[in-house]
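Note on naming: letters A, B, ... go to the chains in the order of the sequence lines (proteins, then strands), and numbering restarts at 1 for each one.
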Amino acid sequence: MSDKILITFPDGNSKEFDKGISAFRIAESISPGLAEAALAAEVNGFVKDLESPINSDSVINFLKFDDEKGKEVYWHSTSHLMAHAIQEIYPEAKFGVGPAIENGFYYDIDINTGLTEESLKAIEDKMIELSKKNNSFIRQDLSKDSAVKFFENKGDNYKVEILSGINENSEQVSIYKEGDFTDLCRGPHLLSTGKIKFIKLLNISGSYWRGDENNKQLQRIYGISFPKKKMLDEFLQRLEEAKKRDHRKLGKELELFLITQAVGSGLPIWLPKGTILRETLENYLREEQRKRGYEPVITPHIGNINLYKTSGHYPYYKDSQFPPIKLEGDKEEYLLKPMNCPHHFQIYLSKPRSYRDLPIRYAEFGTVYRYEQSGELNGLTRVRSFSVDDSHMFVREDQLKDEVCKVIELIQVVFGQMGFKEFTTQLSFRDNNAEKYGGDIKLWERAQREIREAADLMKLTYHVAEGEAAFYGPKIDFMVKDALGRKWQLGTVQIDYIMPERFNLEYTGSDGQKHRPVVIHRAPFGSLERFIGVLIEHYAGEFPLWLAPVQVAVIPVSQNFAEYGKDVFDKLKDAGIRGEFDERNEKIGYKIRDWETKKVKYMVIVGEKEQSAGNISVRKHKLGDMGSLSLSEFIDNIHDEIKNKI
RNA sequence: GCUGGCGUAGCUCAGCUGGUAGAGCAGCUGAUUUGUAAUCAGCCGGUCGGCGGUUCAAAUCCGUCCGCCAGCUCCA
């Protein structure tokens, strides 16, 4: 057997090395720069420590900080370093889990002291101190039993619990030691702590052990780290920028919506400007739906509780509904509707249906009410009253897939129009926990198959999330991130074989027999509130003209030109353009600044020059003075921009 | 719902270890009549989130409730 191995690099070149050589030595042999920058190595597709020996012919790829997998190793190692620092400061600390996440890392710890901002600073300082010691991360493989003994001895009962959950078959586990700190970990890690240079601990929060609210709540510290100061600064800068896009802040500044205790938590009020935005979106979707054969309907905001007992929602979601309204001296109870479907089913049931009638597509911007937990409420993205751009479509079995494809097409059109390029698509399927779901497993399997086939036909890139289905059926969810990187579900398509049975929905087939339609629940926006919340952040409040509540501000240079300005303003208004006339007694610089901060796209400025020439000057948001042109030319341009939804 | 943080004028915020509130912006009034991101002056504006308590005295200390923020849990 040869004591040489052949190492192949990403560029296709290969080179011989001694058997058992570490990835680090290979990197060194290429260049000191690479050895310095490499954080870990991907050997035949597996991420490994740089120190781990390579014993056979391999394909190797060095991971640096700009690789996602490299970052993961970097941040994971930082979480160990943080745990080490915590152990130094709070020797009684017990450790939960501490993974790398999308932006940084966290560690869950159990200590008796409540952590504060100052404790974070202290931990941070200690981390820097430990990093300077440049301790090596040393991996040790050992049997599960001795690992259990080790952590029992250390008093780390959470680690012991993790070990007891590790697959019976795997006898070997690994621990990593760095200075005086040892942690259960499958790795891989950096060579040493000195690689971790710039650290920021971001926030503290509670988190239930193993994500179960019946367990003890641990303290979770989130943080991030970088090899270069500039990267940390840029990251913090981006956080600041993101805060400026926050829809709660912009919603207030741009006077789009209001949430006030006087009305109630999670009950948003649409201000005039926000209402323009919302109605514009609604009208846009109405038109897209009209083209696709949807029929608008309108239903009441409350309904007899029996509707929801029939549907099965009431028992499932009793706790997250506003309590029923009981009529005095009457046995009847009404529910603020938590969803629109049962109402729409009544429309279907209102007369006999033939196979020729299907598909039937009822659409409604229906406002629903759900009593969300107080800790969940969040601006417009999580509220207690929201309006679903809902539709329930009743289709024959043979029409189902085609109809789902049509819905996906509509969602793609809508997201495309809004410029949402970065959204994820998730197929939400059931898991094995039968209690969570209603209906026959055979129907579920069929529905999941249909959904997957439709998603493939429409060339969606998706991932499957088991256990994320609704209780009545699987769904396709379209999710978008907000300014702070939190994922929100917007559009959704759900297949439902169960409600049709519960409500005894039927149609007469060509064979003269009764058949059961399939129901599709779908909403491209999802909820108007959430969608607009995310949209505000997406555009940072700088809406495309067709959506902008104020499209043009008309600003006379001084009050001497107010009359001419008013005339221009009236003509814009007659042309259907949403404008405001700024006749305040202020200097022009003041007014320009004001409209710039309000993110109004066009300012029309008129003074001596314009009045005598009979034209206008245009200033564009962020771009400045665009020169002068005739009013009619300007109106044509604006009309084009609105029509083309640029 | 849970853990932690926060709650002072419409907005953004100051107010040290207790001595009963302050700025800028916004608003109003007046002067100015202005040329592409803040003209000047004056005025108005707060039961310091609510309720209890400690104290001669509470925005400040304690308790409790409410709300907001971050995360966890939940999400038809």
Side-chain angles (χ1 to χ4, degrees), chain A residues 106 108 114-117 119-120 202-222 243 246 248-249 252-253 255 259-262 264-266 308 311-314 316-321 337-342 368 370-379 381-383 388 390 438 468-473 475 477 484 486 488-489 492 494 496 499 521 523 527 530 555-562 584-598 603-610 617-628:
Chain A
Y106 67 79
D108 286 346
L115 293 169
T116 63
E117 299 276 315
S119 4
L120 287 191
L202 297 162
N203 45 43
I204 318 160
S205 71
S207 80
Y208 300 105
W209 169 237
R210 305 223 134 165
D212 184 338
E213 60 181 325
N214 300 311
N215 286 344
K216 178 163 185 184
Q217 198 160 41
L218 309 180
Q219 298 194 70
R220 173 174 294 180
I221 304 176
Y222 286 89
K243 281 184 194 154
D246 191 318
R248 292 164 297 193
K249 183 175 156 68
K252 197 180 278 179
E253 285 171 5
E255 297 178 1
I259 298 176
T260 166
Q261 204 39 42
S265 298
Y308 300 96
S311 72
H313 287 105
Y314 190 67
Y316 269 92
Y317 297 105
K318 199 166 180 292
D319 295 336
S320 46
Q321 285 166 184
K337 67 177 170 183
M339 66 236 322
N340 300 303
C341 21
V368 299
R370 298 179 186 173
Y371 191 79
E372 304 288 358
Q373 298 185 78
S374 60
E376 284 311 326
L377 300 176
N378 184 286
T381 47
R382 193 77 187 269
V383 288
V388 186
D390 219 347
E468 293 295 314
F471 78 87
Y472 51 74
K475 45 183 187 156
D477 294 322
L484 296 177
R486 296 176 290 205
W488 298 100
Q489 181 205 302
T492 184
Q494 315 181 349
D496 183 356
M499 295 298 156
H521 310 242
S527 116
R530 178 177 291 178
I555 310 172
V557 168
S558 82
Q559 293 189 322
N560 295 331
F561 311 102
R584 288 177 298 180
N585 181 8
E586 292 289 352
K587 290 176 77 170
I588 185 146
Y590 176 91
K591 293 197 265 192
I592 285 171
R593 179 171 200 279
D594 199 39
W595 292 104
E596 285 285 346
T597 59
K598 287 177 179 162
M603 290 177 225
V604 165
I605 291 163
V606 291
E608 176 66 48
K609 262 189 310 183
E610 290 74 16
S617 276
V618 175
R619 183 190 165 98
K620 204 165 175 181
H621 177 59
K622 283 180 152 174
L623 297 177
D625 195 349
M626 309 298 281
S628 49

From the set [options], return the single nucleotide nearest to any side-chain atom of [X].
X        : options             : value
A/Val557 : B/C75, B/U34, B/U12 : B/U34
A/Lys609 : B/A76, B/G35, B/C74 : B/G35
A/Arg486 : B/A70, B/C72, B/A37 : B/A70
A/Leu484 : B/A37, B/U36, B/A70 : B/A70
A/Tyr208 : B/G1, B/U34, B/A76  : B/G1

Keeping the roles fixed (side chain from A/Arg530, backbone from A/Thr381), state whether a donor-acceptor pair exists under 3.5 Å.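 Confirmed, A/Arg530 side chain pairs with A/Thr381 backbone.
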Indicate, with a heavy-atom threshold strictly under 4.0 Å, whether [X] touches base, sugar-phosphate, or nothing.
X        : result
A/Arg210 : nothing
A/Tyr316 : nothing
A/Glu253 : nothing
A/Asn203 : sugar-phosphate
A/Asp212 : nothing
A/Ile588 : sugar-phosphate
A/Ser207 : sugar-phosphate
A/Gly375 : base
A/Gln321 : base

State, without any angle test, whether A/Gln321 and A/Tyr314 hold a side-chain donor-acceptor pair at a distance under 3.5 Å.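 No, because no side-chain N or O of A/Gln321 sits under 3.5 Å from a partner of the opposite role on A/Tyr314.
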Rounded P spacing from B/A76 to B/C25 in Å: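 My reading of the P atoms in B/A76 and B/C25 gives 49 Å.
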P atom, B/C72 versus B/A38: distance in rounded Å?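 Each nucleotide's P atom is 43 Å from the other's.
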Does A/Glu608 or A/Ser205 map to a spot on RNA chain B nearer the 5' end, using the closest nucleotide for each?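 Residue closer to the 5' terminus by nearest nucleotide: A/Glu608.
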Test for a donor-acceptor pair under 3.5 Å between the base of [N] and the side chain of [X], counting only N and O atoms.
X        : N     : value
A/Ser320 : B/A76 : yes
A/Arg370 : B/C75 : no
A/Glu610 : B/G35 : yes
A/Glu372 : B/C75 : no
A/Arg530 : B/C75 : no

Pairs under 3.5 Å (N/O, protein and nucleotides 64-68 of chain B):
{"unit_1": "B/G67", "atom_1": "O3'", "unit_2": "A/Ser265", "atom_2": "OG", "d": "3.4"}
{"unit_1": "B/C68", "atom_1": "OP1", "unit_2": "A/Ser265", "atom_2": "OG", "d": "3.4"}

Return the nucleotide paired to B/G4: Watson-Crick means purine N1 to pyrimidine N3 with N6-O4 or O6-N4, wobble means G-U with N1-O2 and O6-N3, both under 3.5 Å.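 B/G4 is paired, partner B/C69.
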Report the base-pairing partner of B/C40 (Watson-Crick or G-U wobble, both distances below 3.5 angstrom), or none.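 B/C40 is paired, partner B/G30.
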[atom1] of [X] versus [atom2] of [N]: gap in Å, rounded?
X        : N     : atom1 : atom2 : result
A/Arg220 : B/G4  : CZ    : C1'   : 14 Å
A/Trp209 : B/C72 : CH2   : C1'   : 14 Å
A/Tyr222 : B/C69 : OH    : P     : 17 Å

Could you list the protein-to-nucleotides 38-49 of chain B atom pairs, N/O on both sides, closer than 3.5 Å?
{"unit_1": "B/A38", "atom_1": "N7", "unit_2": "A/Arg593", "atom_2": "NE", "d": "2.8"}
{"unit_1": "B/A38", "atom_1": "N7", "unit_2": "A/Arg593", "atom_2": "NH1", "d": "3.4"}
{"unit_1": "B/A38", "atom_1": "N7", "unit_2": "A/Arg593", "atom_2": "NH2", "d": "3.0"}
{"unit_1": "B/A38", "atom_1": "N6", "unit_2": "A/Arg593", "atom_2": "NH1", "d": "3.3"}
{"unit_1": "B/A38", "atom_1": "N6", "unit_2": "A/Arg593", "atom_2": "NH2", "d": "2.6"}
{"unit_1": "B/A38", "atom_1": "N1", "unit_2": "A/Arg593", "atom_2": "NH1", "d": "3.4"}

Please check the phosphate of B/C72 (OP1 and OP2 only) for any side-chain N or O of A/Asn215 closer than 4.0 Å.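 Indeed not, no polar side-chain atom of A/Asn215 lies that close.
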